[in-house]
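Below: the structure, in C-alpha cells.
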2 protein chains.
Amino acid sequence: MIQTNKAEYFNVALATGIVLFGFDLENLKIMLTRKKDDPYKGAWVIPSRYVKADESLEENIKILLLQTIEHEDVYLEQLNAFAKVYRNPIGRVVNIPFYGLMQLTEKEQKNAEKNGCKWINYHDIPPMAFDHNEIIDYAKERLKRRVKRRPVGFNSLPKEFTLTQLQTLYEQALNKTFDKRNFRKKIFNSELLVDTGKTTITPQGKESKLYRFDEEKYEKMSLKGYDFLF
Amino acid sequence: MIQTNKAEYFNVALATGIVLFGFDLENLKIMLTRKKDDPYKGAWVIPSRYVKADESLEENIKILLLQTIEHEDVYLEQLNAFAKVYRNPIGRVVNIPFYGLMQLTEKEQKNAEKNGCKWINYHDIPPMAFDHNEIIDYAKERLKRRVKRRPVGFNSLPKEFTLTQLQTLYEQALNKTFDKRNFRKKIFNSELLVDTGKTTITPQGKESKLYRFDEEKYEKMSLKGYDFLF
DNA sequence: GCAAAAGTGTTGGGGATACACCCATGG
DNA sequence: CCATGGGTGTATCCCCAACACTTTTGC
C-alpha cells in the first residue's frame, strides 16, 4: 500500500444500490424508482444512496429498504462493485449494489408506490440511467445461479405454500418450464419440504396441498448448495 | 440518489488488492508481501494499491502486477468489496480485491522475490494485517467454486501438460484426492483435452503423454460451466 | 361439457463411484 | 529387487429426462 498525503486519495464517493427481487406467487418483479434530481432527473434507476464515512454498507442498505418497502425483512447479498471512472458525471462514485430477495405482498406494492417506487416485471426492465441496466443484468445472473444451486424459496414464499407456487418461482427466475412430475421428484428427493397436512384453495378454485421448508435442512443446503442442478 | 454538496461524500479512498494464485506444477501458492510503512509496517499483506480518481480498477491491478511479477499475463476476476468502516486506521478505505490465476515459473518466483514479495503455500497462509486473511479466504472459496464448475487449467498450466499435473492442480485447490481413472474419465468425457501425440519425461523419470486444451471447447465451458461436478 | 389446474409412476440411459493390476524407470 | 508413478476397464447404482391420464372445479 503506497503511503501518501490523505487528500490525494480520499476523494471518492461510495454508494449502495439495491436490486430487489420480489415474488408475488405468480411473477417475479424488480423494484425500480425514478431519479428525483440531476443528473438524469426522471430516469429509471435502482434505489441508491450515498454511504457516509462512518456508515457500514449494511446500515446504508437497511435505510434504503425502510425508505422504500418500509421494512428490512429481506435476504441480502453483496454484488461486485461498479467502479468505472466515468460512470457518474458528478465525480468518481463507486456503487456497491446488493441483491435482495423477498416475498412480494400487497403491502410492499403499496408502500413502494407511496414512496415513489414501482415493481416491474423481471422480464420487462426499461432502459435505465448510469450503468444500472448492467447492475440488474448482473443481479439476474446471480439469482439464476442461486436458484440452480441453492434453495431460494424460503426468502420469497410465505411460510406455507403450494408446489405450483414453488415451481412458478423457479420457472420465472430461469425463464424456462419444468415437467411437473420431475420437478416434484427432485424437490422431494432433496428432503427440503415438509407436508403440513393442510390444504388451501388456489385462486383457480382448486384444492392444493401446503408445504413448508425443513429449516435445518434448508440452512445446510444454503451453505453447501445442491449436488444436482435445476 | 440523495443529492448533496460534494464534500460531504467525496471523502472515501479506494484501493485494489490482488490474491494471486500460482501453480508450479506441484503446489498451489499465493503471492504475499510485507507492508513497507505504517500502519502495520512489516506485517504480511496482499499486494494493494490506492486507486486514483481517474484510474480504472483494471489499470490499477495491471500496475500492481507489473510491480510484482513484472508482467500482466494473469486471469483476473473482481471479488466483493471489503468496506467495513474501521478496517483501516487511517480512514475509510474500501478495498476491491481481485482474484488472479497463473502458471508459476522460476521467472515469477525470482521477480517476486526481487520486488519484496513471496510465494507462500496455499495451505499455509500466515496471519495478516487489516482484513486480508478474510480476503484470502474469500478468494480461496472463489477458486474452489471455479475449479468445481469451470475449467481453470488454461490459466495455470503450460500449453502442454500431463494429466497428473492437471489432477494435482485440482487436488491442491480442493484439498482432496481423486481416483486417477475416474478423474481421467471425467476429463475425457468433457472433450476438453486434445492428445498432442507427444510425450515428456517427468521429474520422476517416467514417460508421460502431453495434452493441450481444445481452445474453442474451453471458451464455451468457461462461460457455461460444467453440468457435472468435481 | 369443456377448459384449466392438481396430482400421480414407470422406464431407460448416462454419468458417478468403487475398485486392481501391469509396466517401466530410478535408485 | 523394490518403490514409485504412468496407464488402463468393469460393474453397480442413482439421478435425470421423457412421457399420459384421472379428477375436480369454474365458467
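Letters A, B, ... are given to chains in the order of the sequence lines, protein chains preceding strands, and every chain is numbered from 1. Values in this document were obtained by computation on a predicted structure and should not be read as measured data.
Heavy-atom neighbours of Asp73(B) CG from other residues, nucleotides or ligands within 6.0 Å: at or below the threshold of 12. The environment of CG in Asp227(B) is sparse: at most 12 heavy-atom neighbours from other residues, nucleotides or ligands sit within 6.0 Å.
Checked against dG7(C), dA18(C), dC19(D), the side chain of Arg184(A) finds its nearest nucleotide in dG7(C). Considering only the side chain of Asn182(A), dG9(C) comes nearest among dC19(C), dG6(D), dG9(C).
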Q) What's the verdict on ring-ring contact (aromatic ring centres under 6.0 Å, His included) for Phe178(A) and Tyr170(A), showing C-alpha distance, side-chain angles and the deciding distance? A) CA-CA 9 Å; Phe178(A) 294 100; Tyr170(A) 278 74; 7.0 Å; no

**Q.** Pair Glu77(A)-Arg146(A), salt bridge (Lys or Arg N to Asp or Glu O under 4.0 Å): steps then yes or no
**A.** CA-CA 11 Å; Glu77(A) 276 182 43; Arg146(A) 288 289 176 266; 2.9 Å; yes

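In this structure, CD1 of Ile187(A) is placed 15 Å from P of dT8(C), rounded to the nearest angstrom. Rounded to a whole Å, the CD1 atom of Ile201(B) is 11 Å from the P atom of dG7(D). One interatomic measurement links the two molecules: CD of Glu26(B) to C1' of dT4(D), which rounds to 14 Å at whole-angstrom precision. One interatomic measurement links the two molecules: CG of Asp195(A) to C1' of dG7(C), which rounds to 13 Å at whole-angstrom precision. Lys186(A) places its NZ atom 12 Å from the P atom of dC15(D), with the value rounded to the nearest Å. If you take CG of Leu25(B) and P of dG6(D), they are 13 Å apart, rounded to a whole angstrom. To the nearest angstrom, C1' of dG6(D) lies 16 Å from CZ of Phe161(B). As rounded to whole Å, 7 Å separates atom P of dC16(D) from atom CG of Asn189(A).
Relative ring orientation between Phe183(B) and Phe230(B) is described as tilted, the plane-to-plane angle lying within the 30° to 60° band.
Residues from residues 223-230 of chain B with heavy atoms under 4.0 angstrom of DNA chain C, sorted by number: Phe228(B).
Not one side-chain nitrogen or oxygen of Lys185(A) sits closer than 4.0 Å to the OP1 or OP2 atom of dT11(C). At least one side-chain nitrogen or oxygen of Ser208(B) sits closer than 4.0 Å to the OP1 or OP2 atom of dG7(D).
When all heavy atoms of Pro97(A) and Ala81(A) are compared, the closest pair comes out as CD-CA, 4.4 Å. The two atoms that bring Asn95(B) and Thr16(B) nearest to each other are OD1-C, 3.4 Å, heavy atoms only.
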Distances for protein N/O vs nucleotides 3-5 of chain C N/O pairs under 3.5 angstrom?
from, atom 1, to, atom 2, distance (Å)
dA4(C), N3, Lys206(A), NZ, 3.3

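Cation-pi check for Lys140(B) over Tyr122(B) is met; the charged atom lies under 6.0 angstrom from the ring centroid and within 45 degrees of its normal.
In this structure, Asp179(A) reaches the bases: a heavy-atom distance under 4.0 Å links it to at least one base atom across the strands shown.
The nearest heavy atom of DNA chain D to Arg181(A) and to Glu207(A) marks one nucleotide each, and the one closer to the 5' end goes with Arg181(A).
Gln167(A) and Glu171(A) share a donor-acceptor pair across their side chains, judged by distance under 3.5 Å alone.
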